[in-house]
Amino acid sequence: MKYTALKGVHDIFPPDIHIWQKVESVAKDVFTAYGFQELRAPVIESTDIFIRSIGETTDIVEKEMYTFTDKAGRHITLRPEGTAPVVRCFVEQHLYNLPSPQKFLYSGPMFRYERPQAGRFRQFYQIGAEAFGVAEPKIDAEILSMLKLFFERLGLKELNFEINSIGCPKCRPDYRKALLDFFSDRLEGFCPDCRRRYDQNPLRILDCKVAECIKLREGSPHVTNFLCTECREHFEALQSYAELLAIPYAINPEMVRGLDYYTRTTFEVTCKHLGSQNAVAAGGRYDLLVEDFGGPPTPAIGFAIGMERITSLLKLSADQDIPSPKVFIAALGESAGREGLVIAVRLRLKGLWAEIGYAGNSLKSQLRRADRLSAQYVFIIGDDEIRSGKVKWKLLSDGSQGEIGFNEIDTFLAVPPKA
RNA sequence: GUGGGUGUAGCUCAAUGGUCAGAGCACUGGACUGUGGCUCCGGUGGUUGGGGGUUCGAGUCCCCUCACUCACCCCA
């Protein structure tokens, strides 16, 4: 094959595209009901926007960004995630001057240079939402409830909602220190990755899947025991609101985040049917990021849904409704073909999906094609029908057929079939 | 970046180192002049991912390379 798509990217086309469209429309409906409006930010931004927000020492920034210089030497990066561009827009466009809160949804491709595997791609799609201006934990719970509704509408089950609080710049250093103290005397037993994490990002040790490390970290301090008063109250209030809204969450004090900007609430929705990349949605609070970008102090919270992971789950479960034509017009001969073409265009004018057969195909093959397309009706037009001014109709589901005049077609199709 | 697995028809897969690389599905034509699905018969479709090597002989063995895939790292 001479021309192929790049590694880690993929084409989306029928029949899968119908699942994608379904997910997008459900998200838009549900998020709209929660007061979110669409915001479309560019796919490219200045590189420093991502370095500043995601964090200089994160994997994303250190080795996963698609970065290049344009013809004027500007440093440009294809967005690896959606929050930073939205925050940049929020500040640059002074959206904080609009009535608070401001709530936005977005969707589109993200780019990360990684080795692809199940559920992980170099160009991948996210649907995300960001809410600005509310410090109250009520909105944290609302966002969880919005996700719950979204998944319910899609018929997705067996999902786990996990929440955590990673504190704020006031309390997190205490926790970090406690963690370092706890690990320091047993560091030798940990895997090489964890020993590296000890220096770079000790919270990540909590995430390690190596059996030895899991055993060694038993009894390690929990972040939730180190929260300052404000963070603890926020987290407790979130839990009570989540219970009020019947969100079946679990607290996972070992859940950590790969982006530096998170504060307090973090959450993840996972599904065990996904393989090792099992998060279908994840997000959290980032109360300091807007200020970091030069805006006024503005608490905020957001999340992103991984489209590929959702659609792969739907492909497992779903009875997919693939759209099919209302009418297939099978014509035999040139003059019947002309008549069929005119009828098809007239039906399309009314918004009905009409397909026609083309020259050189026998009636049998046209019917076969109609059957493959799952057309509801076939209209058969030949010399006889042209002479009599009628079309023969056939209902494919039960094989019944009859005749109607050319001018009766519209009313005929308006009446639902008995089958 | 690291490690494993797999590359044969559009798809899913056969073929002990030995005739002309096969089957099912799909597509297409016919059995049935103008009636789909079911059945039967025929047809189209291949650089066996690419390159090199071993051999009388390679889809099969070896090396290189590319792609896909799963996992690690990390993450949606």
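Order of the sequence lines sets the chain letters (A, B, ...), proteins ahead of strands, with each chain counted from 1. Just the heavy atoms: all of them, side chains too, but no hydrogens, waters or symmetry mates, feed the values below. Bear in mind the structure is a predicted one, so any value in this text is a computation, not a measurement.
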Report yes if at least one side-chain N or O of [X] is closer than 4.0 Å to OP1 or OP2 of [N]; otherwise report no.
| X | N | answer |
| --- | --- | --- |
| A:Thr58 | B:C74 | no |
| A:Lys63 | B:G1 | no |
| A:Arg120 | B:C73 | no |
| A:Gln117 | B:A71 | yes |

Between [X] and [Y], is any side-chain donor less than 3.5 angstrom from a side-chain acceptor?
| X | Y | answer |
| --- | --- | --- |
| A:Ser145 | A:Tyr34 | yes |
| A:Glu64 | A:Tyr66 | no |
| A:Thr83 | A:Glu130 | yes |
| A:Glu243 | A:Tyr249 | yes |
| A:Ser220 | A:Glu254 | no |

Who is the Watson-Crick or G-U wobble partner of [N], with both distances under 3.5 Å?
| N | value |
| --- | --- |
| B:U35 | none |
| B:U16 | none |
| B:C72 | B:G1 |
| B:U48 | none |
| B:A21 | none |
| B:A58 | none |
| B:G7 | B:C66 |
| B:G43 | B:C27 |

As a test of reading the structure: which of [options] is closest to the side chain of [X], going by heavy atoms?
| X | options | value |
| --- | --- | --- |
| A:Ala118 | B:G36, B:A71, B:U35 | B:A71 |
| A:Leu367 | B:G36, B:C73, B:G34 | B:G36 |
| A:Lys392 | B:C74, B:C68, B:U35 | B:U35 |
| A:Asp384 | B:A76, B:C73, B:G34 | B:G34 |

Please identify which of these residues, A:Arg372, A:Arg348, A:Arg369, meets the salt bridge (charged side-chain N to carboxylate O under 4.0 Å, His left out) condition with A:Glu355.
A:Arg369

Provide the distance between the two [atom1] atoms, one in [N] and one in [M], to the nearest whole Å.
| N | M | atom1 | result |
| --- | --- | --- | --- |
| B:C32 | B:G42 | C1' | 16 Å |
| B:C40 | B:A26 | P | 12 Å |
| B:C20 | B:C63 | P | 28 Å |
| B:U6 | B:C62 | P | 12 Å |
| B:A14 | B:G30 | C1' | 29 Å |
| B:G59 | B:C25 | C1' | 22 Å |
| B:C73 | B:C11 | P | 33 Å |
| B:G5 | B:A21 | C1' | 24 Å |

Would you state whether a donor and an acceptor, one from the side chain of [X] and one from the base of [N], lie under 3.5 Å apart?
| X | N | result |
| --- | --- | --- |
| A:Lys364 | B:U35 | no |
| A:Gln366 | B:U35 | no |
| A:Arg115 | B:G3 | yes |
| A:Arg309 | B:C75 | yes |

Would you classify [X] as touching base, sugar-phosphate or nothing, given that sugar-phosphate means primed atoms plus P, OP1 and OP2, and contacts are heavy atoms under 4.0 Å?
| X | answer |
| --- | --- |
| A:Arg372 | sugar-phosphate |
| A:Gly283 | nothing |
| A:Phe121 | base |
| A:Lys394 | base |
| A:Glu114 | base |
| A:Leu259 | sugar-phosphate |
| A:Glu385 | base |
| A:Gly275 | sugar-phosphate |
| A:Val378 | nothing |
| A:Gln401 | base |
| A:Ala282 | sugar-phosphate |

To the nearest Å, how far apart are [X] [atom1] and [N] [atom2]?
| X | N | atom1 | atom2 | value |
| --- | --- | --- | --- | --- |
| A:Trp393 | B:U35 | CH2 | P | 18 Å |
| A:Leu363 | B:U33 | CG | C1' | 11 Å |
| A:Arg112 | B:G1 | CZ | C1' | 17 Å |
| A:Tyr113 | B:C73 | OH | C1' | 15 Å |
| A:Lys7 | B:C68 | NZ | C1' | 8 Å |
| A:Leu395 | B:U35 | CG | C1' | 14 Å |
| A:Phe124 | B:C75 | CZ | P | 12 Å |
| A:Tyr125 | B:C75 | OH | C1' | 18 Å |

Sorted by position of nearest nucleotide on RNA chain B, 5' first, the leading residue of A:Gly8 and A:Leu396 is A:Leu396

Closest-nucleotide ordering on RNA chain B, the 5'-leading residue of A:Ser276 and A:Glu308
A:Ser276

Basic-acidic side-chain contact under 4.0 Å: [X], [Y]:
| X | Y | answer |
| --- | --- | --- |
| A:Asp371 | A:Arg368 | no |
| A:Glu38 | A:Arg40 | yes |
| A:Glu385 | A:Lys392 | yes |

Can you tell if the side chain of A:Val86 reaches within under 4.5 Å of the side chain of A:Tyr106, non-hydrogen atoms only?
yes

